[in-house]
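This report refers to the structure that appears directly beneath it.
Note that this is a predicted model, so its numbers are computed, not measured. For the numbers below, each heavy atom of this structure counts, side chains included, while hydrogens, waters and symmetry mates do not.
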Protein chains: 2
Amino acid sequence: IIKAEGVSKSYLSQVEEIIALKEANLTIEAGDFVVINGPSGSGKTTLLNLLAGIDKATKGELYINGLALSSLSDKENTLLRRDKVGLVFQSFELIPVLSAWENVEYPLLLQKVNKSERKKRVDKILKQVGLEEVKDNLPSQLSGGQKQRVAIARALVTDPKVVLADEPTASLDTKTGKGIIKLMLDLNQTKEVAFIVVTHDLAINDYAKRLLKIQDGVLKEVGIGV
Amino acid sequence: IIKAEGVSKSYLSQVEEIIALKEANLTIEAGDFVVINGPSGSGKTTLLNLLAGIDKATKGELYINGLALSSLSDKENTLLRRDKVGLVFQSFELIPVLSAWENVEYPLLLQKVNKSERKKRVDKILKQVGLEEVKDNLPSQLSGGQKQRVAIARALVTDPKVVLADEPTASLDTKTGKGIIKLMLDLNQTKEVAFIVVTHDLAINDYAKRLLKIQDGVLKEVGIGV
Ligand SMILES: Nc1ncnc2c1ncn2[C@@H]1O[C@H](COP(=O)(O)OP(=O)(O)OP(=O)(O)O)[C@@H](O)[C@H]1O
Ligand SMILES: Nc1ncnc2c1ncn2[C@@H]1O[C@H](COP(=O)(O)OP(=O)(O)OP(=O)(O)O)[C@@H](O)[C@H]1O
Ligand SMILES: [Mg+2]
Ligand SMILES: [Mg+2]
């Protein structure tokens, strides 16, 4: 589904070039459950942004379903990502003027899903993440963990083939976090949804089929999973 | 230093009144190290916002250094908080157009600390949280964990008597998180700085002198500490 070949990313800050990612190679198949650990500032979010096509690599090539991202127009890139990839941002990125419910509905509106189907799918996923009671709250009226669960629900509601989740349980207590991991595992096992989960929560490593570590922008596969 | 007496907080959302905090009582002394656990949505951030004086209680009274917050003008409230209390927001709340260094300097500018003293203190705290290399980056050029450490540095740079920290290690890997906890413990033991730390990270509970749990807005003291 996703492939990265020799992908590097550098940022040009005021005085120098910071190399955030160095020659990363990664191939993700349907049904994969990949966990990535690494210290703060090591390049995890940079890697996910490139895999999701929301940032451009400095060197190397990325493929989604065999299509090279560099050969696509911006519009084609956006459509491909919208239909195939679910992304849970580390900083949630909720639309402040939309309620929790409307934030989750939004990607289905872009896909022109009909109203009754939208309602069914949004109600279901919000229930699965335990947010029915606050579904009409605006992001400013939600707690940190509730916002994170809205971001998770929004990434899952479109039934993507692959989900890239950037520290999805960072703002959740152990019990609520376990519920989210179980939801991801269910989708992985019953619908073959591939997951790439960046996390500092070492309890999630137990569920990984593949375990990768990243340090100073260098990605290494370290473990064979369950 | 801080006292809450029968403090309740409710939010008026579209259809109903949500009671986020119910009759909370809490007294914090110099040198305390209090940890608060609780599920997502249970009222932890609400409690910290009230203790810090950045939100108003619906019922009950709050005291900082013996002064009732309700008897203070907004300006007096702000000055008291600025000089005595350090707050690490769950959502960081960095100023986007200021660099990491300038974000940490900002509270010292408000306190009219002279330039050379500001430079000395900002450089020192940024080094203690491991951010010297990215100190000139804007928040948009920092990783999640780096932003969190800027927020921590900013709360500590004014040498407050009490620090309220809302999930200060949520975006940090285990090793980086340990370094931050150690910094807090050092300040607690050498300078008698009181800490109230809201966290889902149960490893931090081991350092608590007092342990509180919050569930559906009800605060209970559960443990006597080390
Ligand atoms: N402005 C608001 N309007 C309505 N409800 C609110 C508002 N702010 C918070 N709430 C509600 O109050 C409750 C407590 O929120 P709070 O942010 O204190 O939770 P928390 O314990 O910090 O959770 P988390 O661990 O997820 O950060 C939640 O159910 C939330 O939906
Ligand atoms: N726009 C940018 N300009 C300059 N440097 C950047 C930019 N974005 C990220 N960086 C740097 O690239 C490095 C990698 O950042 P990244 O966000 O990928 O880290 P991370 O592994 O996700 O860390 P965390 O666990 O703290 O979220 C960091 O050192 C960061 O300072
Ligand atoms: Mg990150
Ligand atoms: Mg909170």
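The number of heavy-atom neighbours closer than 6.0 Å to OH of B/Tyr11, taken from other residues, nucleotides and ligands shown, is above 12. By the 6.0 Å contact criterion, NZ on A/Lys22 is enclosed, its count of non-hydrogen atoms from other residues, nucleotides or ligands being greater than 12.
The minimum heavy-atom distance linking A/Gly38 with B/Asp173 is given by the pair O-CB, 4.1 Å. Heavy atoms only, all atoms of each residue included: B/Thr174 and A/His200 are closest at OG1-O, 4.3 Å.
Taking 4.5 Å as the limit, every side-chain heavy atom of A/Ser40 sits out of range of all side-chain heavy atoms of B/Ser171.
Separation of atoms CD1 (A/Ile18) and CD (B/Glu133) is listed at 9.0 Å; rounding is to 0.5 Å.
Applying the side-chain contact (heavy atoms from CB on, under 4.5 Å) criterion to A/Asn188, with sequence neighbours excluded, gives A/Phe33, A/Phe195, A/Lys209. The side chain to side chain donor-acceptor pair (under 3.5 Å) check on A/Thr45 picks up A/Gln90, A/Asp166, with sequence neighbours excluded. For the side chain to side chain donor-acceptor pair (under 3.5 Å) test, residues two or more places apart in sequence or in another chain that qualify with B/Lys213 are B/Asn37.
Note on B/Gly41, B/Ala20, B/Gly130: by heavy-atom pairs under 4.5 Å with chain A, the leading option is B/Gly41.
Residue A/Leu202 touches chain B through its side chain alone, counting heavy-atom pairs closer than 4.5 Å.
Using a 4.5 Å heavy-atom cut-off against chain B, the contacting residues of residues 144-156 of chain A are A/Gly144, A/Gly145, A/Gln146, A/Arg149.
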